[in-house]
Amino acid sequence: MKTIKLKPGKERSLLRRHPWIFESAIHPLNNDVHTLHSLRSGDTIRIESDEGRPLAVASFSPTSQIRARVWSFDTEAIIDHRFFKNAIRAALACRKALPIASNAFRAVHGESDGLPGVIVDVYGDTAVVQITSAGAERWKDAIAQAIVSELGVARIYERSDSSVRKLEGLEPHQGWLYPALKDAETRSTIVSFEEHGLKYEVDVASGQKTGFYLDQRENRALFATAIKQSGAERVLNCYSYTGGFTLSALSGGAKHVTSVDSSALALQHAARHVEINGFDTSRAEFIDADVPAILRKYRTEGVMFDAIVLDPPKFAPSAAHAERAARAYKDINRVAFHILKPGGLLFTFSCSGGIDQALFQKIIASASSEANSDATILAHVGATHDHPHSLAFPEGEYLKGLLLRKM
Ligand code: SAH
C-alpha cells in the first residue's frame, strides 16, 4: 500500500475522524513525486501526518478536490471483500436499533456508515445502489456481493447517474448489476413496497434519487397523525413528487388534497398511489405547475387551506448558495402563511446542506412575520434514522423540517 503525507497541521480533521482529505492538504514536496504520479483512481492508500504518524486507510481520487476518502481509521485495516461485508453488517445493525415501519429503507448512507460514495436503498427484495466515489467504483463487485449476502436481496439495480460522479472522473452508469441479465432478457424496474401500511410502486430506473424519498418516512406518518388530530379538511401538498404526503393526508382523513409538482411523471405515479390504496380518487387533485407561481395565484384568488406541505428540492447545494436559497425559502413560506387558515398546519422543509436547523427556523420566523402571522412549533424534524449522520461528519445532516400550527 502506498502512503501519502499531509501538510503540517492538516492531520487535525482526520484526528477528529472526519473522512475527507482535500487536495490542498497534500503537499507535493512532502511526497515522492513518483508515488503521487503512480496512483490510480480508486487505489487504496495509507495517510500519514507530516511527522509520519499513520492516520487512516483511504481511497485515492486523482481528479476530485476531495483527493482521498477514508475507508478506515484503523491504520492496519485491510480493504477487501470482508471489509465491505463487515461495513454493511454494521450499517444494518444501526438500522435495527429503532423500528422501521416499511420494507423499503436506506441500508447504507455513504460517509455516515463508513462507506464514502456508497448509497444503498432497499425496496422489498430489490436493492438500488448508487456509487459516487472513485474508491467505491473500484470495489463495486465486492460491494454488490456484500449487499446480496448481508441484506439478502434478490436483485441489485445500479443508479450511478448522479452528476457528482463527474467530479470523481467517473462516467454515469445505470442498469441491473445483479444477477446479470442474459442476452435479450429484460426485467421490470417497477418495485412495490409498503410504508406505514400504505402501498407504493416505484420505478427504480427513472424515479428521482433511487426512486423514492425514503428520508421523509417518519414525517409522512407524523403528518397523517396531525391531519387526523386537527381534523384538517383541505390540504395542499407542494412539491408532492409521487404523493407521499398526499397519501398521509388522505389516510389521516382529509376531505380533499391538492398535489402540486413540476414533474408530470411524478404526478402520474401519485395518482396511481391514490388508486392502489383504495382512496376515493375524487378526494385528490394533481396539478403540474411551478409551486411559487401557484401559491401566488391562490393568494390572489383568496383560496385557503387547513394544512400545507412545502418540501422543495435543494435550493442551496452548499453554504455558498445559502443567501439566495434563504430568500427562496422565505418567499414560498410567506405566501403559504397567507393562504393557511388560522389553526392550520404548515409542514415545511429544507434539504439544503448549506442551511442548518437554526438558520431555517429564522427564515421561517421572518416569513411568518412578513405575512403578519405567528405560529407555534409542534415539532422539529429531520431525516429518518436510516439516514444517519455521525458526530464526526456534520455534512451528513441535510434534511430539516418544522411542523407549525398557525395562531
Ligand atoms: N415530498 C416528496 C419529495 C419532494 S422532492 C415525497 O415525500 O416524496 C421535490 C419535488 O419538487 C420533486 O418531485 C420535483 O419534481 C419538484 N419540483 C422541483 N421544482 C419545482 C417547482 N418549481 N415547482 C413544482 N415542483 C417542483
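Just follow the structure's listing: the first ligand is 1, and inside any ligand the first atom is 1. Since this is a predicted model, take the numbers as computed values, not measurements. Scope of the values below: all heavy atoms of this structure, side chains included, with no hydrogens, waters or symmetry mates.
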Between Tyr200 and Phe193, how do the two ring planes meet: parallel, tilted or perpendicular, split at 30° and 60°? parallel
Hey, is Thr242 one of the residues with a heavy atom under 4.0 angstrom from ligand 1? no
At what distance is the nearest protein heavy atom to atom 12 (C) of ligand 1, and which residue and atom is it? Gln208 OE1, 3.3 Å
Spacing of Phe245 atom CZ and Gln216 atom CD [to the nearest 0.5 Å]: 4.0 Å
Atom 7 (O) of ligand 1 has as its nearest protein heavy atom Arg220 NH1, 2.9 Å
What protein heavy atom sits nearest atom 23 (N) of ligand 1, and how far off is it? Val291 N, 3.0 Å
Taking atom 25 (N) of ligand 1 as the reference point, the nearest protein heavy atom with its distance: Ser262 N, 3.0 Å
Just need the protein heavy atom nearest to atom 3 (C) of ligand 1, so name the residue and atom and give the distance. Asp311 OD2, 3.3 Å
Go through ligand 1 atom by atom and flag the ones less than 4.0 Å from a non-hydrogen atom of Ser263. 15 (O)
Regarding Lys209 and Asp121, does a basic nitrogen lie under 4.0 Å from an acidic carboxylate oxygen? no
Check ligand 1 against Tyr241 and write out every atom of the ligand that is under 4.0 Å from a heavy-atom position of the residue. 2 (C), 3 (C), 4 (C), 8 (O), 13 (O)
Just checking, is any N or O donor in the side chain of Gln174 or Tyr157 under 3.5 Å from an acceptor N or O on the other one? yes
I'd like to know whether ligand 1 has Ala293 as a neighbour, heavy-atom separation below 4.0 Å. no
Asp290 near ligand 1 by a heavy-atom separation under 4.0 Å: yes
Any donor-acceptor pair under 3.5 Å linking the side-chain atoms of Ser373 with those of Ser368? yes
Under 4.0 Å, counting heavy atoms only: does Cys238 come that close to any atom of ligand 1? no
Between the main-chain N or O of Gly9 and the side-chain N or O of Glu11, is there a donor-acceptor pair closer than 3.5 Å? yes
Evaluating non-hydrogen atoms only, which member of Tyr200, Phe347, Tyr239, Phe223 is closest to atom 4 (C) of ligand 1? Tyr239
Provide the number and element of each atom of ligand 1 under 4.0 Å from a heavy atom of Ala289. 23 (N), 24 (C)
Any heavy atom of Pro313 closer to ligand 1 than 4.0 angstrom? yes
Looking only at distances, please establish whether an N/O atom of ligand 1 is found under 3.5 Å from an N/O atom of Tyr213. no
Hey, what's the ring geometry for His109 with Tyr398, parallel, tilted or perpendicular (30° and 60° as the breaks)? tilted
Does a side chain donor of either His380 or Gln361 reach within less than 3.5 Å of an acceptor in the other side chain? yes
Return the residue, atom name and 0.1 Å-rounded distance of the protein heavy atom closest to atom 13 (O) of ligand 1. Asp261 OD2, 2.7 Å
Between Glu168 and Arg165, does any side-chain N to carboxylate O distance fall below 4.0 Å? no
Does any N or O atom in Gln216 lie less than 3.5 angstrom from one in ligand 1, N or O only? no
Could you measure the distance from the CD atom of Glu201 to the OG atom of Ser192? Nearest 0.5 Å is fine. 5.5 Å
Subset of ligand 1 atoms that lie under 4.0 Å from at least one heavy atom of Phe245: 1 (N), 7 (O)
May I ask you to say whether Asp306 pairs ionically with Lys255, meaning some side-chain N is under 4.0 Å from a carboxylate O? no
